[in-house]
> 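Below are the structure tokens for one structure; questions will follow.
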Amino acid sequence: MFRILFYLIFGILLISVLRGVLGFVARLFSNATVGPERRATPQPEALKKDPVCGTFVAPSTAVRVEKGGQTYFFCSTACRDKF
Ligand SMILES: [Zn+2]
């Protein structure tokens, strides 16, 4: 019984250590292959103005509505409903 428990704990420890080492190696490898110009932070996405309350929102997180061939972005569904 204790042997099984021991192997179980040992296995979990081994897996977590291996994952840590693999993550470390992967990070080293990606830093080595990606040049400094490609490592630059990605451009922040252009913010869109909520036409109802005037808040600037990121299109990826905004509530979007397509109307008359134009896309409108809202900070919340409440603003979208008011529109
Ligand atoms: Zn709003």
Side-chain angles (χ1 to χ4, degrees):
M1 183 60 200
F2 284 114
R3 267 172 72 111
I4 294 166
L5 207 66
F6 173 76
Y7 282 127
L8 204 72
I9 291 166
F10 185 73
I12 291 165
L13 275 175
L14 197 72
I15 287 165
S16 54
V17 166
L18 271 174
R19 280 182 61 173
V21 169
L22 278 175
F24 181 70
V25 170
R27 217 177 312 141
L28 278 181
F29 189 71
S30 63
N31 277 352
T33 51
V34 177
E37 71 282 345
R38 287 194 58 198
R39 232 188 298 166
T41 49
Q43 287 290 307
E45 57 181 337
L47 295 177
K48 301 288 179 186
K49 196 175 181 184
D50 180 329
V52 175
C53 69
T55 304
F56 285 94
V57 291
S60 57
T61 54
V63 179
R64 69 169 68 191
V65 169
E66 273 169 52
K67 206 171 186 179
Q70 246 199 305
T71 309
Y72 298 93
F73 296 90
F74 302 93
C75 68
S76 64
T77 50
C79 279
R80 182 200 60 194
D81 294 344
K82 264 190 251 175
F83 183 60

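Each ligand, and each atom within it, is numbered from 1 in the order the structure gives.
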> Just how far is it from atom OG of Ser60 to atom CZ of Phe73, taken to the nearest 0.5 Å?
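The OG atom of Ser60 sits 9.5 Å away from the CZ atom of Phe73.
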> Can you name the nearest heavy-atom pair linking Phe74 to Pro51, along with the distance?
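In terms of heavy atoms, the two residues are closest at CE2-CG, 3.5 Å.
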> Restricting to non-hydrogen atoms, name the atom on Cys75 and the atom on Asp50 that form the minimum distance, rounded to 0.1 Å.
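In terms of heavy atoms, the two residues are closest at N-OD2, 2.8 Å.
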> Which atom pair, heavy atoms only, marks the closest approach of Ser16 to Leu13?
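So the two residues come closest at OG-O, 2.8 Å.
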> Tally of protein N/O/S atoms under 2.8 Å from the Zn ion (ligand 1)?
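Of the protein's nitrogen, oxygen and sulfur atoms, 4 lie under 2.8 Å from the Zn ion (ligand 1).
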> What are the two closest non-hydrogen atoms of Pro59 and Lys48, and how far apart are they?
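It is CG-CG, 3.6 Å.
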> Which heavy atom of Ser76 sits nearest a heavy atom of Val63, and at what distance?
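It is C-CG2, 3.8 Å.
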